[in-house]
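Computation of the quantities below employed the complete heavy-atom set of this structure, encompassing side-chain atoms and omitting hydrogens, waters and symmetry-equivalent molecules.
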Amino acid sequence: MKKVSQLICSLALGSLMALPSVAQPLEQPNSPDYNPKATYDGPYKLNTWSIAIHGGPSMFFGDLREYDFWPVNKDSDDSRKESGTFQGGITINKQLSYLFGARLDGSIGTLKGMKRRNYSRFFQANYQDVSLSGTVNLKGLLMGPNKMKRWKVDAYVGFGQIFYDSKAYDLSPSEPKVRETGKKNDWIIPTGLNVSYELTPRLDLGLDFRLNYTNSDYLDATWGGDYDRNANLTAIKDAKTSRKGNSELDSYGYGSVVLTYKLGKKPLKVKKEDGKWAYKPEDGYYHLRYTDPKVLLKPVKILTLEEMDSVAKANRPKDIDPRLLLDTDGDGVSDFFDKEPNSPAGSIVDGSGRVLDFDTYVKNALATGAACSEIFANVQFDTDKNVLKPEFQDMLKNVAMLMNKNGCRLQLAGHADRRATDRYNMALSRRRVDAVKNFLINEAGLKDPSKVIVDYFGSFKPIADSATRDGLLKNRRVELKLLP
């Protein structure tokens, strides 16, 4: 019994470890069918239920037992013998994972036994039992899923109840007696081994060998190793417990032929093609009894350095046209789109890089009532000055008129050359911007000063080479950007 207890603990622990796996996702993040919420009902759904019938000879192990393989008792006058017993039943299987499962068994049968020492003694019993067991897939555990694919070898252990009614006969010629147990029940611990072979996607054929340990010494209607001829039969029959006697507890077992029907829709038989598992979810479902879900997942591909390099080259974007990154004339339009790539520095250009006359554009817009569009101009200043030159005043008056008439906005940005400190140049560029804005409001008649946006950058954004006199002149400026 000590070994049995150890086996029970091992299988119970294994079953508990297996239970979370039913709800665990199939962790294969690199698989194209990966779903973090997927279980066995996910992209690789497997059937898990089956039902089986079994039948075969039964055997008793206890006090009244003489033969192992049921020989005919030729010297028995009444032809009583241990042979001729039979049992049958039904089993419901649930596969919790590839390695672990559970089974619910129910069976009915008969038991016989005899012993001839001084006086012949014989018993026979009818019984029914029910049990719940945990199973371990020994084939998968020891050999993996790819060997003997259509075979399944399970060891199992569990607990249950037996309900029995036994009669024992004292065959002494002088004073024959009959002893009856009446209807009794007791605990059992079933242990066994089941071997199955997959015949079709639906049917398995196998053998089941089971030994049931009982918590009773009265299964053969006999207490202890000796048959008490003077026992109080009424007291024995009415006893509340059957756990008495001076010998080991009784046990019984059987060997059965098992036919299993696998439940679930669209079943598939396990198979391989060209060394790989042939599986398409739309074709049907394997049964978890024979298939480890891990083998259905596509393995992660570990690329070599050469393969990674080839993948990188295959997915490399096309080279950018270098003209998109160049603006040779500095007019703000890249050479790729610039239709006049050599326009003079500081020129006013349109979106395609063509030089525009800002003053002419403003006058035409006033005359035609055209809508405002984005266009640039520069107002230049003398060295260290923020006084507006007369030649720019008429242009600013036209800009104010256009803003009043068409609702245009104006962005002003002040700049300076590099012949001073950064702090001084920032202040100077601000004074130049304020000079242009004040002229527009006070002299040119701009009605809505909020349409003027002001900024200043000192000497940080030159448009020409500050090493030349002409470059210094172009950098002393306020940029006008007319906006819709």
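- Side-chain N or O atoms of Lys262 include none that pairs as donor or acceptor with a backbone N or O of Arg289 at under 3.5 Å.
- Thr135 places a side-chain N or O within donor-acceptor distance of the main-chain N or O of Gly101, the cut-off being under 3.5 Å.
- Between the Thr191 side chain and the Leu211 main chain, a donor and an acceptor come within less than 3.5 Å of each other.
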The test is side-chain contact (heavy atoms from CB on, under 4.5 Å); show your working for Lys183 and Phe163 and say whether it passes. CA-CA 7 Å; Lys183 294 182 179 180; Phe163 305 88; over 6 Å; no

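- No donor-acceptor distance shorter than 3.5 angstrom exists from the side chain of Thr291 to the backbone of Pro293, with no hydrogens or angles considered.
- Atom OH in Tyr286 sits 10.0 Å away from atom NZ in Lys149 (nearest 0.5 Å).
- For Phe460 and His415, the ring centers are positioned 6.0 Å apart or more.
- The neighbour count for Phe159 CZ, taken as heavy atoms of other residues, nucleotides or ligands under 6.0 Å away, does not exceed 12.
- A heavy-atom distance below 4.5 Å is not found between the side chains of Val258 and Leu207.
- Between the side chains of Ser251 and Asn212, no donor-acceptor pair is found at a separation under 3.5 Å.
- The closest side-chain donor-acceptor pair between Ser256 and Gln87 falls under 3.5 angstrom.
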side-chain contact (heavy atoms from CB on, under 4.5 Å), that's the test. Do Ile189 and Val157 meet it? Break it down for me. CA-CA 7 Å; Ile189 298 177; Val157 64; 4.2 Å; yes

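- For the 3.5 Å distance criterion, the side chains of Tyr252 and Asp129 qualify, holding a donor opposite an acceptor.
- Between Tyr290 and Tyr98, the ring center distance fails the sub-6.0 Å criterion.
- Side chains of Asp250 and Thr214: no donor on one and acceptor on the other come within 3.5 Å.
- More than 12 heavy atoms of other shown residues, nucleotides or ligands fall within 6.0 angstrom of atom NZ in Lys451.
- For CD1 of Ile108, the number of neighbouring non-hydrogen atoms (other residues, nucleotides, ligands) closer than 6.0 Å is 12 at most.
- Here the side chains of Ile463 and Asn475 are in contact, with some heavy-atom distance below 4.5 Å.
- Arg423 is not listed as a side-chain neighbour of Asn425, based on a closest heavy-atom distance of 4.5 Å or more.
- Taking a cutoff of 4.0 Å between a charged side-chain nitrogen and a carboxylate oxygen, Asp105 and Arg103 qualify as a salt bridge.
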Report the C-alpha distance between Tyr164 and Tyr218 in whole Å, list the side-chain angles of each, state the deciding distance to 0.1 Å, and finish with yes or no for side-chain contact (heavy atoms from CB on, under 4.5 Å). CA-CA 10 Å; Tyr164 62 93; Tyr218 200 34; 4.2 Å; yes

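- For Lys94 (side chain) and Ser50 (main-chain N/O), no donor-acceptor pair under 3.5 Å exists by modelled atom type.
- Centroid-to-centroid, the aromatic rings of Phe60 and Phe123 come within less than 6.0 Å.
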Determine, stepwise, if the pair Asp154 / Lys152 fulfils side-chain contact (heavy atoms from CB on, under 4.5 Å). CA-CA 6 Å; Asp154 276 348; Lys152 179 174 173 61; 2.9 Å; yes

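- In this structure, Phe61 CZ and Leu111 CG are separated by 10.0 Å, a value rounded to the nearest 0.5 Å.
- Looking at Ser131, Ser58, Ser107 one by one, the single match for side chain to side chain donor-acceptor pair (under 3.5 Å) with Arg210 turns out to be Ser131.
- Smallest separation of non-hydrogen atoms from Asn194 and Ser196: OD1-OG, 2.9 Å.
- Between Val433 and Asp455, the shortest heavy-atom distance links the atoms CG2-O, 3.4 Å.
- By the 4.5 Å heavy-atom criterion applied to side chains, Val257 and Leu205 are counted as neighbours.
- Residues Leu64 and Phe122 have side chains not in contact (no heavy-atom distance under 4.5 Å, counting atoms from C-beta outward).
- Here the straight-line distance linking atom NZ of Lys265 with atom CG of Leu263 works out to 14.0 Å at 0.5 Å rounding.
- A donor-acceptor distance shorter than 3.5 angstrom exists from the side chain of Arg409 to the backbone of Pro484, with no hydrogens or angles considered.
- In terms of modelled atom types and a separation under 3.5 Å, the side chain of Asp309 and the main chain of Leu305 share no donor-acceptor contact.
- Put simply, the side chain of His54 never gets that close to the backbone of Gly206: no donor and acceptor are under 3.5 Å apart.
- Under the 4.0 Å criterion applied to side-chain N and carboxylate O atoms, Lys184 and Asp186 are not assigned as salt-bridge partners.
- Atoms CH2 and CG, on Trp187 and Asn215 in that order, are 10.0 Å from each other to the nearest 0.5 Å.
- If you take OH on Tyr213 and CD on Glu248, they are separated by 10.0 Å, rounding to the nearest 0.5 Å.
- Considering CG of Leu412 and CZ of Arg430, their distance stands at 13.5 Å, rounded to 0.5 Å.
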